[in-house]
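Since the structure comes first, as structure tokens, the remarks are kept for the end.
Note that the structure is predicted; figures quoted are calculated from it, not measured. A note on names: the letters A, B, ... follow the listed sequences, proteins ahead of strands, and every chain is numbered from 1.
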Amino acid sequence: MMPAQSESILERMIARYGMPSPALEYHSLYQLVVAVVLSAQTTDSQVNAVTPSLFRRFPDFQSLAGADIAEVETIIKSTGFYRNKAKNITLLARDITHNHGGTVPENREELMRLPGVGRKSANVILAMGFNIPAFAVDTHVLRVANRIGYCATDDPLKVEASLTSIIPETMWIPGHLLFITHGRRTCRARNPLCPECAINDLCAFAGKTL
DNA sequence: ATCCCGAGGG
DNA sequence: CCCTCTGGAT
């Protein structure tokens, strides 16, 4: 089956889910960057469960830059990979404080040089933090894009290239959120709900066996 | 290619 | 029990 027009697919997703807002909870650029690094390979609710106490204890980059890593580990432990994440956000806070004048870089190259920030996280920060068009490819986006038929690859960079060529730039940010929502609620990894899917007539995967 | 790492769901 | 969750660094 030929991949459907992206406009139709996104319109259907909006009709089904509404226009989703980011599930990650944050109230500043500082909080966004830290929450995004913590969100690697864990659910947003796991991150949202620890960030209030983390941000109460360390309200900005400067305070986190001076944090005791063991204390940070204790606070964020339940998000998994806590040793790496504690080290990364502390070093990241130091880097931004000392080498970036306390402000978050606004371009992908510099963002990706921050510890714990790869291309996916950099794209999320650009999109959500600066409203700069970017299509972050996480596990949900990768799965949904492959099932729809927009690509056939496990390489997130290639998935991103397909999505950014198929979908109009003005829809990259809402498209990202819509793909995430669709992946969570309907196009689930394990038991996708194809019969009740809003785009099953436009999807290359619907009706196929796992 | 492998490691880091915990929690929730089916 | 096994799979999955908005990955990144070595």
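- Two rings, from Y26(A) and F55(A), have their centers 6.0 Å or more apart.
- Comparing dA7(B), dC5(C), dC5(B) by their closest approach to the side chain of Q41(A) singles out dC5(C).
- Map T139(A) and G118(A) each onto its nearest nucleotide of DNA chain C; the residue landing nearer the 5' end is T139(A).
- We find that CG of D155(A) is positioned 12 Å from P of dA1(B), with the value rounded to whole Å.
- Nearer the 5' end of DNA chain C, as judged by each residue's closest nucleotide, is the contact made by T43(A), out of G116(A) and T43(A).
- Using a 4.0 Å heavy-atom cutoff across all strands shown, R188(A) reaches no nucleic acid atom at all.
- Atoms NZ and CG, on K158(A) and L142(A) in that order, are 12.0 Å from each other to the nearest 0.5 Å.
- One can place CZ of R143(A) at 11 Å from C1' of dT6(C), the figure rounded to the nearest angstrom.
- Checking side-chain atoms of H176(A) against main-chain N and O of A136(A) turns up a donor-acceptor pair under 3.5 Å.
- Residue H140(A) contributes atom NE2, which lies 17 Å from atom P of dC3(C) at whole-angstrom precision.
- Residue I76(A) contributes atom CD1, which lies 14 Å from atom C1' of dG7(C) at whole-angstrom precision.
- Taking 4.0 angstrom as the limit, H176(A) places none of its side-chain polar atoms (N or O) nearer than this to OP1 or OP2 of dT6(C).
- When each of V36(A), L32(A), N123(A), L29(A) is paired with M128(A), the side-chain contact (heavy atoms from CB on, under 4.5 Å) condition holds for L32(A) and for no other.
- Using a 4.0 Å heavy-atom distance criterion, S45(A) is classed as making no nucleic acid contact.
- Residue Q46(A) has its side chain nearest to dA7(B) when only dC5(B), dT6(C), dA7(B) are considered.
- dG7(C) has F81(A) stacked on its base ring, the centres lying under 5.5 angstrom apart and the planes within 30 degrees of parallel.
- In the interface, the side chain of R190(A) is paired with the base of dC3(C) through a donor and an acceptor atom under 3.5 Å apart.
- Contact annotation for L114(A): backbone-only contact, meaning every heavy-atom pair under 4.0 Å involves sugar-phosphate atoms and none involves a base.
- Interatomic distance, I14(A) CD1 to I9(A) CD1, rounded to the nearest 0.5 Å: 12.0 Å.
- Applying the salt bridge (Lys or Arg N to Asp or Glu O under 4.0 Å) rule to D44(A) yields the partners R184(A); only residues at least two apart in sequence or on another chain are considered.
- Picking from dC5(B), dT6(C), dG10(B) the nucleotide with the shortest atom distance to the side chain of N84(A) gives dC5(B).
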### Task
Give the intermediate values and the outcome of side-chain contact (heavy atoms from CB on, under 4.5 Å) for residues L157(A) and R119(A).
CA-CA 9 Å; L157(A) 196 58; R119(A) 188 180 182 92; 3.3 Å; yes
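- Counting to the nearest Å, the P atom of dT6(C) and the CD1 atom of I125(A) are 17 Å from each other.
- Nucleotides dC5(B) and dT4(C), compared at atom P, are 22 Å apart to the nearest Å.
- Note: CG (L193(A)) to P (dG9(B)) measures 16 Å, nearest angstrom.
- Taking atom P in both dC3(B) and dT6(C), the straight-line distance is 24 Å, to the nearest Å.
- Backbone-only engagement by S78(A) is indicated by non-hydrogen atom pairs under 4.0 Å involving sugar-phosphate atoms exclusively.
- Of all nucleotides listed (dT6(C), dT4(C), dG7(C)), dT4(C) comes nearest to the side chain of A189(A).
- For K77(A), the listed nucleotide lying nearest its side chain is dG6(B); candidates were dG6(B), dG8(C), dT6(C).
- Within the 4.0 angstrom heavy-atom criterion, only backbone atoms of the sugar-phosphate kind lie near V117(A); the bases stay farther away.
- If you take OH of Y82(A) and P of dC5(C), they are 23 Å apart, rounded to a whole angstrom.
- Checking the phosphate oxygens (OP1, OP2) of dC5(B), no side-chain nitrogen or oxygen of T42(A) falls inside 4.0 Å.
- At a threshold of 4.0 angstrom between heavy atoms, the contacts of P156(A) with the nucleic acid are absent.
- For the pair R83(A) CZ and dC5(B) P, the computed distance is 4 Å after rounding to whole Å.
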